[in-house]
Structures are given as structure tokens and as C-alpha cells.
Asks: 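Got a structure here, written out as C-alpha cells. Questions coming.
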Amino acid sequence: MTYTNRKEKIGVVVSNKMEKTVTVLVNQRMKHPVYGKYIKQSRKFMAHDEENACRMGDTISIVETRPMSRNKRWRVKEILDRAPEAK
């Protein structure tokens with residue numbers, strides 16, 4: 001699948017308890033408009049995971065897509081880094 005002119009974000013899976021859906025925490029650094037200090041901001045996105053392949057702690061890439069439900073507007077593009085398996 002090719003994605004053109006779509007936003008991409010990289011984040012960590014914080015929840016995979018839903019069917020075909022994962023919650024992804026995306027961190028970003030932004031410069032404060034007045035003070036100029038860099039601050040960290042984080043935001044959670046719900047993404048569609050068709051194969052239920054993502055696990056908690058995985059670093060994944062998500063891409064913008066059509067609305068799939070009330071909160072789901074992102075799709076898992078690829079798994080960049082696997083989290084170690086819990087024993």
C-alpha cells in the first residue's frame with residue numbers, strides 16, 4: 001500500500017486490549033512560544049491494527065487514514081521495534 005501526502009507519526013503502543021485497535025503514545029518536543037524553552041508533549045492516538053500484531057511496548061509507525069470509528073483515524077503502517085516478550 002502506498003501512502004502519499006499523509007501524516008505519519010512514530011510512537012509506542014500503550015494498550016492493545018481492543019480487537020484490531022491499539023493505543024499509541026506519541027511524544028514530541030516543541031519550543032515554547034514565549035520563553036523559547038523546549039518542552040515535551042505527548043498525545044495518544046487510536047490506530048487500526050488489522051492483524052492484531054502489535055504488542056505493548058512496540059515502537060510503531062502510524063499513518064493518517066479515513067475515519068474508521070468515532071476515535072480511530074490512524075492505521076498501523078509498520079512495526080519498527082519489538083518490545084521484549086514478558087515471561
Side-chain angles (χ1 to χ4, degrees):
M1 226 183 218
T2 56
Y3 300 102
T4 57
N5 287 336
R6 299 202 179 193
K7 295 177 189 171
E8 280 192 39
K9 296 186 184 292
I10 295 174
V12 177
V13 176
V14 292
S15 173
N16 62 349
K17 295 178 182 176
M18 299 165 274
E19 280 293 315
K20 297 187 178 183
T21 305
V22 291
T23 304
V24 183
L25 182 70
V26 176
N27 291 315
Q28 72 177 32
R29 286 176 25 133
M30 70 168 271
K31 193 173 187 177
H32 191 280
V34 176
Y35 301 115
K37 180 180 179 178
Y38 283 95
I39 53 177
K40 286 190 277 185
Q41 284 189 329
S42 61
R43 186 162 172 212
K44 289 182 184 176
F45 295 95
M46 294 178 84
H48 184 70
D49 180 18
E50 185 64 38
E51 293 91 28
N52 282 326
C54 297
R55 297 191 304 242
M56 295 257 303
D58 288 353
T59 302
I60 63 171
S61 172
I62 57 175
V63 66
E64 194 175 35
T65 186
R66 65 179 177 83
M68 303 188 105
S69 70
R70 179 180 168 198
N71 297 320
K72 216 170 20 169
R73 276 115 174 93
W74 297 85
R75 180 186 308 267
V76 174
K77 183 177 177 187
E78 65 180 319
I79 300 172
L80 303 173
D81 187 31
R82 281 279 189 195
E85 277 195 47
K87 293 184 181 183

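The structure presented is a predicted model; accordingly, all values stated were derived computationally and were not measured.
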Asks: If you compare all heavy atoms of Ala83 against all heavy atoms of Asp58, which two are closest, and at what distance to 0.1 Å?
Replies: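 Heavy atoms only, the tightest pair is N-OD1, 2.8 Å.
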Asks: Other residues, nucleotides and ligands only: do more than 12 of their heavy atoms fall within 6.0 Å of CD on Glu19?
Replies: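 12 or below, so no.
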Asks: Can you tell me if Asp49 uses its side chain to pair, donor with acceptor, with the backbone of Val22 under 3.5 Å?
Replies: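 No, because the side chain of Asp49 does not come within donor-acceptor range (under 3.5 Å) of the backbone of Val22.
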Asks: Which pair of non-hydrogen atoms, one from Asn16 and one from Arg55, has the smallest distance, and what is that distance?
Replies: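 Looks like ND2-CA, 3.6 Å.
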Asks: With clusters defined by side-chain heavy atoms of hydrophobic residues (ILVMFWY) lying less than 4.5 Å apart, directly or transitively, does Val76 cluster with Val13?
Replies: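 Yes, same cluster.
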Asks: Roughly how far, to the nearest 0.5 Å, is the CE atom of Met18 from the CG atom of Asn52?
Replies: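 Taking CG in Asn52 and CE in Met18, the distance rounds to 10.5 Å.
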Asks: Measuring from atom CD of Glu64 to atom NZ of Lys9, what distance do you get when rounded to the nearest 0.5 angstrom?
Replies: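 Reported to 0.5 Å precision, the distance equals 8.5 Å.
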Asks: Check whether any side-chain N or O of Arg43 sits under 3.5 Å from a backbone N or O of Val26 as a donor-acceptor pair, and report yes or no.
Replies: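 Answer holds: no.
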Asks: What distance do Thr65 atom OG1 and Lys77 atom NZ have between them, rounded to the nearest 0.5 Å?
Replies: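 Between atom OG1 of Thr65 and atom NZ of Lys77 there are 12.5 Å.
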Asks: Taking Asp81 for the side chain and Thr59 for the main chain, is one N or O donor matched with an acceptor at less than 3.5 Å?
Replies: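 Not at all, since once roles are kept as given, no pair shorter than 3.5 Å links the two residues.
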Asks: At what distance, to the nearest 0.5 angstrom, does NZ of Lys20 lie from CD of Glu51?
Replies: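 One gets 8.5 Å once the value is rounded to the nearest 0.5 Å.
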Asks: Quick one: CD on Glu78 to CD1 on Ile10, what's the gap to the nearest 0.5 Å?
Replies: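 It comes to 8.0 Å.
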Asks: For Ile62 versus Ala47, what's the shortest heavy-atom pair and its separation?
Replies: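 Heavy atoms of Ile62 and Ala47 come nearest at CG2-CB, 3.8 Å.
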Asks: Nearest 0.5 Å please: distance from the CE atom of Met68 over to the CZ atom of Arg73.
Replies: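 Result: 11.0 Å between the selected atoms.
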Asks: Can you name the closest pair of heavy atoms from Tyr38 and Arg29 and give their distance?
Replies: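 Closest approach of Tyr38 to Arg29: CG-NH2, 3.6 Å.
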Asks: Out of the candidates Ile79, Thr23, Val24, Thr21, only one should pair with Cys54 under the side chain to side chain contact (heavy atoms under 4.5 Å, CB included) rule; please name it.
Replies: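 For Cys54, the side chain to side chain contact (heavy atoms under 4.5 Å, CB included) check succeeds only for Ile79.
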